[in-house]
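What follows is a short report on a single structure.
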Protein chains: 2
Amino acid sequence: MTDDRIMTIREMCDAYDVTPRTLRFYEAKELLFPIREGQKRLFTKRDRARLKLILRGKRFGFSLEEIRQLLDLYDMGDQQQTQLARTYEIAQQRLSDMEAQRDELNQAIDELKEQMRWGEKMLASMDQSKRAAE
Amino acid sequence: MTDDRIMTIREMCDAYDVTPRTLRFYEAKELLFPIREGQKRLFTKRDRARLKLILRGKRFGFSLEEIRQLLDLYDMGDQQQTQLARTYEIAQQRLSDMEAQRDELNQAIDELKEQMRWGEKMLASMDQSKRAAE
DNA sequence: ATGGGAATTTACGTTGACGTAACTCAGACG
DNA sequence: CGTCTGAGTTACGTCAACGTAAATTCCCAT
């Protein structure tokens with residue numbers, strides 16, 4: 001299976017369009033845990049799954065720290081239920097934050113659209129006078 | 001008219017809920033141009049109008065640099081319609097960015113909710129076994 | 001004159017997510 | 001054996017948008 005292949009740092013960089021620095025940085029921040037064979041890092045299927053989630057999280061505007069916490073939720077097996085419950089709390093908190101953020105964003109979008117109707121009219125009228133002047 | 005009153009830095013801070021540091025910072029970044037009477041800054045109606053736009057811009061997620069450019073174009077007023085059109089373009093771009101961001105956010109919210117249903121069941125079942133064990 | 005309370009300037013600190021040297025080290029190749 | 005390539009480590013640099021501290025200056029009331 002090419003699925004559980006092990007990848008070098010370069011293969012990872014090419015596959016996910018990130019720099020080596022970024023991968024090492026993520027490792028330092030305990031977001032990834034590549035195998036350390038001697039000096040080299042070897043990235044497993046698990047690292048790839050985590051990296052995908054990291055990148056997606058970033059697109060959503062999460063901080064790396066928030067992402068780290070969410071990642072812990074993902075690969076929690078049969079841990080202590082207090083831990084699990086705690087993580088669940090965090091996720092809930094994060095969810096309501098996101099919903100609030102979405103609502104603000106929607107409001108901002110509406111406001112901006114409103115603003116733009118202004119400029120639209122302005123442009124139209126200026127276009128008119130420009131045509132008239134020709 | 002209290003409309004074209006001149007305001008001190010403190011009055012501005014109170015009126016717009018910003019710190020003096022912020023106002024000086026905006027001046028340094030050439031977003032505001034208060035009159036310098038001796039040492040003191042005096043903010044005119046124009047500065048207030050600009051500040052309002054700055055704060056609104058920030059809510060829309062523009063960077064200060066983007067805002068500065070928009071303000072400059074805005075200032076050109078009805079001079080060049082090309083500038084106005086450019087402003088409109090920028091706003092449109094930002095709008096679609098925001099909408100894309102909102103959509104991604106919504107998707108992320110759904111996904112996170114999905115994840116959480118997982119943890120919910122898990123918590124419930126663990127609670128069961130805990131009760132049973134007592 | 002003196003103290004108090006603003007406002008000012010200068011300049012270093014902060015946070016997050018890496019970028020960018022600079023230097024070392026380990027294999028691979030000819 | 002020398003060199004080239006790729007990977008590694010260490011550590012300082014960057015960018016945004018201010019915060020914060022220190023030292024100074026100003027006007028005004030007591």
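- Evaluation of the side-chain contact (heavy atoms from CB on, under 4.5 Å) rule for B:Lys52 yields B:Tyr16 as partners, not counting sequence neighbours.
- Contact between B:Ile54 and B:Ile67 at its shortest, heavy atoms only, is O-CD1, 3.5 Å.
- Looking at residues two or more places apart in sequence or on another chain, you find a side-chain contact (heavy atoms from CB on, under 4.5 Å) between B:Leu70 and B:Phe62, B:Thr87, B:Ile90.
- On the nucleic acid side, DNA chain C contacts chain A at distances under 4.0 Å to non-hydrogen atoms, with the end points of that region at C:dA17 to C:dT20.
- Among pairs with a residue in residues 59-68 of chain B, those fulfilling salt bridge (Lys or Arg N to Asp or Glu O under 4.0 Å) read A:Glu111-B:Arg59, B:Glu65-B:Arg68, B:Arg68-B:Asp72, at least two apart in sequence or across chains.
- Counting only heavy atoms from C-beta outward, the side chains of B:Leu23 and B:Arg41 never approach each other to under 4.5 Å.
- With hydrogens and angles disregarded, no donor-acceptor distance shorter than 3.5 Å links the side chain of B:Asp110 to the backbone of B:Gln107.
- When rounded to the nearest whole Å, the span between CZ of A:Arg10 and C1' of D:dT5 equals 12 Å.
- A:Arg21 is linked by a side-chain contact (heavy atoms from CB on, under 4.5 Å) to A:Thr19, A:Phe25, counting only residues two or more places apart in sequence or in another chain.
- Judged as a side-chain contact (heavy atoms from CB on, under 4.5 Å), and not counting sequence neighbours, the contacts of B:Lys45 are B:Asp3, B:Asp4, B:Arg48.
- Side-chain N/O atoms of B:Arg68 include none lying less than 4.0 angstrom from OP1 or OP2 on D:dA16.
- Using a 4.5 Å cut-off on side-chain heavy atoms (C-beta onward), B:Ile9 and B:Arg24 make contact.
- In this structure A:Thr8 satisfies the side chain to side chain donor-acceptor pair (under 3.5 Å) test with no other residue, sequence neighbours excluded.
- Here the C1' atom of nucleotide D:dA16 and the CD1 atom of B:Ile54 are 15 Å apart, to the nearest Å.
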Just the table, please: protein N/O against nucleotides 21-29 of chain D N/O, every pair under 3.5 Å.
none

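- For the pair A:Leu42 CG and D:dG6 C1', the interatomic distance rounds to 14 Å; values are reported in whole Å.
- Rounded to 10°, the helix from C:dA1-D:dT30 to C:dG30-D:dC1 has 30° between the axis fitted to its first five pairs and the one fitted to its last five.
- Members clustered with A:Leu42: A:Ile6, A:Ile35, by chain and number, using a 4.5 Å side-chain heavy-atom cutoff among hydrophobic residues.
- Distance B:Glu65 CD to D:dC15 P: 13 Å, rounded to the nearest Å.
- For residues 8-17 of chain B, every residue pair satisfying the salt bridge (Lys or Arg N to Asp or Glu O under 4.0 Å) rule, not counting sequence neighbours, is listed here: B:Arg5-B:Glu11, B:Arg10-B:Asp14.
- The stretch residues 11-35 of chain B comes close to DNA chain D through B:Thr19, B:Arg21, B:Thr22, B:Phe25, B:Tyr26, each having a heavy atom under 4.0 Å from the strand.
- The nearest pair of heavy atoms linking A:Pro20 to A:Cys13 is N-SG, 3.4 Å.
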